[in-house]
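Here's the structure, in structure tokens; my notes come after.
Predicted, not measured: the structure shown is a model, and the values here were computed from it.
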Amino acid sequence: MKLYHALRSVGKFRTVFDFGGREVAHWFPGHMAKGLKQMKANLKNVDCIIEIHDARISFTVLWRNPLFQESLDVRPHLLVLNKMDLADLSKKQRIQKQLERDGVRNIIFTDCLKQRDEHLKKLVPMVTELIQRQPRFNREEEISFCLMVIGVPNVGKSSLINSLRRTYLKKGRASRVGGEPGITKAVLTRIQVCERPIIHLLDTPGVLPPKIRDLETGMKLALCGTILDHLVGEDIIADYLLFSLNRLEKFSYVEKYDLGEPSDDIQQVLKRIAVKLGKTQRVKAITGVGDITITIPNYTAAAYDFIRAFRKGELGQVMLD
């Protein structure tokens, strides 16, 4: 598809997303409250906090949970922006400058699913320096370091632990990894990730703020898979994805699904996806001359495929913030 054809359609796109009076569900089930309590109880044994986020939503919900903020203020803190392979890194400098203005100065970008992530090798030296720079209080006599990994669901906390073990111990995974939020349900026992120096990490469940501040924030979280899809609805997530891709002028979905040109109509897009991928269903229709069977697009299945394609990076690298 020619770029000028795509840009010709830009003026027709929505500039504001209509939420239609919807409310994004607050996904804060029992295991989150329990996990937060366990995390706070374990803080006295922690030397440094590793805060991990999806690089595509670097500012959306930095882990400023009011129930945990005091802990971030008194311990060394490192922000890891994971899934950098899915993010538009042309905005990297802008992100770093904005985070520094917000008081976050220790930042690294990673791709923890990559077998050998050169960026990840910066983590241990950075953490070691941060810890040695400040008093360790009751852990002054300990020769090993203990880190706690925190963040919202499905941003790669367990993948980070497993990647560090591969890099420094040449060992396999210790934490279960999944593509849906909520895989880690409780604070685990200490997991060793490095020998020199000896470093253990505490894996934790992903915890959202008990109240998401607005619908836009909730939709970005849902689109990146940090909230279970059915709590928001695949249809609205798919529509918000289309709105976001058009707003950012990311038109690779047009070629992927043979659309011909960009569209701002989610029903039209999902219909085309369903036909192209064979995601249709046969239903009975009652007519004046009797029942007939017709084939219609499976819009839910098409929406599911559209969302998954985005999450796997098949629709291009994107920065939603």
Side-chain angles (χ1 to χ4, degrees), residues 32-55 57-83 95-96 99-100 102-110 112 119-140 142-165 168 174-175 184-194 197-210 226:
M32 284 193 180
K34 179 182 177 183
L36 188 58
K37 186 176 180 181
Q38 288 179 304
M39 289 155 69
K40 294 187 73 173
N42 275 279
L43 275 172
K44 63 180 181 294
N45 301 316
V46 171
D47 294 301
C48 180
I49 294 173
I50 308 294
E51 182 180 2
I52 183 165
H53 282 287
D54 188 318
I57 46 174
S58 304
F59 314 121
T60 289
V61 61
L62 280 180
W63 226 86
R64 299 301 179 255
N65 191 317
L67 302 175
F68 214 72
Q69 179 61 49
E70 62 204 47
S71 305
L72 294 179
D73 291 339
V74 299
R75 280 171 178 74
H77 169 250
L78 173 66
L79 175 63
V80 175
L81 293 175
N82 193 32
K83 305 188 180 183
I95 292 169
Q96 289 177 311
L99 288 170
E100 286 173 4
D102 293 340
V104 183
R105 292 179 175 80
N106 306 305
I107 308 162
I108 62 171
F109 288 78
T110 62
C112 291
H119 297 85
L120 196 67
K121 292 181 180 178
K122 301 176 185 176
L123 190 145
V124 168
M126 285 183 70
V127 163
T128 302
E129 182 184 352
L130 286 172
I131 294 173
Q132 292 176 342
R133 198 189 299 166
Q134 298 186 27
R136 294 180 69 194
F137 304 108
N138 61 303
R139 292 184 51 78
E140 203 68 57
E142 291 282 343
I143 60 171
S144 63
F145 298 150
C146 182
L147 319 179
M148 180 179 284
V149 184
I150 66 172
V152 298
N154 201 27
V155 290
K157 294 182 296 298
S158 297
S159 295
L160 172 69
I161 291 176
N162 295 333
S163 186
L164 286 170
R165 282 174 61 83
Y168 291 102
S175 290
T184 303
K185 291 289 199 296
V187 176
L188 305 180
T189 55
R190 298 197 316 169
I191 301 169
Q192 186 172 353
V193 296
C194 188
I198 298 173
I199 297 179
H200 293 86
L201 265 69
L202 292 177
D203 195 6
T204 65
V207 180
L208 289 167
T226 67

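One finds the CG atom of L147 at 9.0 Å from the CG atom of L78 (value rounded to the nearest 0.5 Å). Considering OG of S58 and CG of D102, their distance stands at 11.5 Å, rounded to 0.5 Å. With values rounded to the nearest 0.5 angstrom, C194 atom SG is found 10.5 Å from H200 atom NE2. Taking CD1 of I50 as the reference point, atom CD1 of I108 lies at 7.5 Å (rounded to 0.5 Å). Atoms CG and CZ, from N45 and R139 in turn, are 6.0 Å apart once rounded to the nearest 0.5 Å. E51 contributes atom CD, which lies 9.0 Å from atom CG of L81 (distance to the nearest 0.5 angstrom).
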Candidate pair D54 and V152, rule side chain to side chain contact (heavy atoms under 4.5 Å, CB included), full reasoning: CA-CA 9 Å; D54 188 318; V152 298; over 6 Å; no
Stepwise side chain to side chain contact (heavy atoms under 4.5 Å, CB included) check, L160 with L123: CA-CA 10 Å; L160 172 69; L123 190 145; 4.1 Å; yes
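In this structure, R75 and V46 approach most closely via the heavy-atom pair NE-O, 3.3 Å. Of all heavy-atom pairs between N154 and T226, the closest is CB-CA, 4.4 Å. The nearest pair of heavy atoms linking N82 to G156 is ND2-CA, 3.7 Å. Here the shortest heavy-atom pairing between Q192 and I198 reads NE2-CG2, 4.2 Å. Taking each heavy atom of T204 and K157 in turn, the nearest pair found is O-CE, 3.3 Å. Here the closest heavy-atom approach between residue M39 and residue I150 is recorded as CE-CG2, 3.6 Å.
Taking 4.5 Å as the limit, every side-chain heavy atom of V124 sits out of range of all side-chain heavy atoms of V193. With contacts defined as side-chain heavy-atom distances shorter than 4.5 Å, the pair R136/D47 qualifies. Between T110 and V80, some side-chain heavy-atom pair lies under the 4.5 Å cut-off. Between N42 and L202, some side-chain heavy-atom pair lies under the 4.5 Å cut-off. For the pair C146/R190, a side-chain contact is recorded, criterion being any heavy-atom separation below 4.5 Å from C-beta on.
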